[in-house]
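What follows is a set of notes on a single structure, which appears directly below.
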Amino acid sequence: MKDLWSAIPRRGRVILLVAITLLLAAPMVLDRYLISIFVLIFYFAYVGQAWNLMMGFAGQLSLGHALYAGLGGYVAALLWFYFGIGPWLGVFAGVAVAATFGAVIGWLGFRFGIEGVYFALLTIAFAEFTRIAFDNMAFTGGAGGLFLLYDAQRSHEWWNLRGGPLLFYYLGLALAAAAAILTARLARSRIGFQWLAVREDQQAALALGINVFRVKMIAVLISSGMTAIGGVLIAFYYNNLFPAQAFDIGRSIEIILAPVIGGLGTIFGPIVGAFILTPLGEGLIALTVSLGVNVPGAKAVFYGLTLMAIITLRPDGVWPWLKRLLGLTETES
Amino acid sequence: MTSILDVDGVTKRFRGVLAVDQVTFGVEAGAIFAVIGPNGAGKTTLFNTIAGVFAPDTGSISFSGRQIDGLPPNEICARGIARTFQIVRPFPALSVEDNVIVGALLHLRDVGAARERARALLRRLDLFGKRNQRAANLTLPDRKRLEVARALATEPRLLLLDEVMAGLRPTEIDRMVTTLRDINRESGVTILLIEHVMRAVMALAERVLVLDHGTAIAQGAPEAIVRDPAVVQSYLGQSSLGIEAV
């Protein structure tokens, strides 16, 4: 922790401390609606960070991360629904199941040399057939969805992840912060350097003694497990799960937008991206609702246009540019 | 002297094309050994077979008395054979220093220790002042030096250099020759190099193996090799790379 902190330039520390203080205090002035937007921001910053580990650092493109979030959410929700096992325990099962799927996808891809776009197709395929399976399984509620009863009597049971928006606000904030710290730690560790080497040039990485298969598997396992935790949070926040939403390719794309827009392979990229994108998307919905127009897919079109604009104007993402703007370029060690 | 690398009857063919045919040689520990030959003679294929990119079709390769043919490249590197690429492959988006740190992390667990080792090597190869540049921004001579530094960072006992002089100006070649000779003397690392630049081969190598059409046609001290009629005919005589320049 100490070395991470000391690596941040002085001005950056001040900005970071102010931002954290503001976020901790914000619920005092925010209304319910704004809090719900912040929960989404934290969620996308968190799962974006998990995806960023795999793509931004290890260079493995996954377009099926909704799979891991959906599995985490479903497993924890089912354990709660059928056996009353609280999500603090259920999350372990969710992580285990998601990481198992990650391991299978990773093994198939990396063992048989399925690379790049083809690997991405493999991740989409797994998310899709899991969606179809969940659509047809009775005990998960099928296509009709799984609903967690919201019982006002139990709304104080934070230990069962039952609670109001404030609980999810602070939990989301803690998760997003923890993910950023974990990423920063990993990026400065041996495995972080090896991920970058694999991302840059696999043949050269092999020639330097790196076990490329193992290094990529570690990235998938950490990324899928982390994403599942986010899935548990969001499932207990919304209290419902539908296969058509949870495992949808659209959800997978939504997960990758924040890190792509914020800056791949950077610690603050997914956070900055989530802070830009989520309010814009929600603002657009609010606008169309208040205008009384119902335009299905408007958000997707809007996200697409934003993505095109960012990729054209700031191909490295917003964060590297913002960092220069704020005068926060790396200190020389 | 005992040999550190033994290549015994190695053959490698690609769809009927015999790239390396029954090649046998040994490299003494601590020596500088050169493999020369015209383009397409099978030098790089031989290198790739030693480095684990391909398994030989027949024959065996031993390193320090243990058979290594068929092992993947990362295993071979872990056992102490590092290589550079003919077409340099730095990690383009990483800094020069981070490139070398990746190599040093093979045997070092701690990034701080790896950074120290990387910096020492960068000083050794005159790249210390450029350590914070992105590797993509280096000039070709610097990239070649970076490849050597990165390979050395894995603490090899045998260093395979694939045309590390190619594309360098004569002054840069002399600089690289001096650096390699010093590294060989100081650390005792054995060097096996593929080289077209005869000036460098004559200055560095104690022994030379000549490949032509995949076959070893001569082997010996550089002075003897350049007088060998078969060598002169197949290789040296036909180009202006000739020996007169040496």
Open item on the list: For A/Phe92, I'd like to know if atom CZ has over 12 heavy atoms of other residues, nucleotides or ligands within 6.0 Å.
Closed with: no
TODO: Can you tell which part of B/Ile76 gets under 4.5 Å to a heavy atom of chain A, answering side chain, backbone, both or neither?
DONE: neither
- [ ] Begin from the C-alpha positions of B/Asn74 and A/Leu206 and carry the test side-chain contact (heavy atoms from CB on, under 4.5 Å) through to its verdict.
- [x] CA-CA 5 Å; B/Asn74 59 306; A/Leu206 270 176; 3.6 Å; yes
Open item on the list: So for atom CG, which belongs to A/Leu305, do other residues, nucleotides or ligands contribute more than 12 heavy atoms lying within a distance under 6.0 Å?
Closed with: yes
Task: Distance, nearest 0.5 Å, that separates CG of B/Leu106 from CG of A/Asn211 - done: 11.0 Å
Task: Residue selection (most heavy-atom pairs with chain A, distance under 4.5 Å) from B/Asn99, B/Asp110, B/Val102, B/Thr84 - done: B/Val102
Open item on the list: Please classify the contact between B/Phe91 and chain A as side chain, backbone, both or neither, with a heavy-atom cut-off of under 4.5 Å.
Closed with: both
- [ ] Look only at the side chain of A/Arg190 and the backbone of B/Leu105, and say whether a donor-acceptor pair between them is shorter than 3.5 Å.
- [x] yes
Task: Closest contact, heavy atoms only, A/Leu208 versus B/Cys77 - done: C-SG, 3.4 Å
Open item on the list: Counting neighbours of CZ on A/Arg11 that are heavy atoms of other residues, nucleotides or ligands and sit closer than 6.0 Å, is the number greater than 12?
Closed with: no
- [ ] Work out which heavy atom in B/Ala93 is nearest to a heavy atom in A/Glu200; give both atom names and the distance.
- [x] N-OE1, 2.8 Å
Open item on the list: Check this for me: B/Arg181, atom CZ, are more than 12 non-hydrogen atoms of other residues, nucleotides or ligands nearer than 6.0 Å?
Closed with: yes
Open item on the list: Quick check: closest heavy atoms across A/Gln203 and B/Phe85, and the distance to 0.1 Å?
Closed with: O-CZ, 3.9 Å
Open item on the list: Does anything in residues 109-121 of chain A form a side-chain hydrogen bond (donor to acceptor under 3.5 Å, both in side chains)? List the pairs, not counting sequence neighbours.
Closed with: A/Glu115-A/Gln202
Open item on the list: Need one label for B/Arg150: side chain, backbone, both or neither, based on atoms under 4.5 Å from any heavy atom in chain A.
Closed with: both
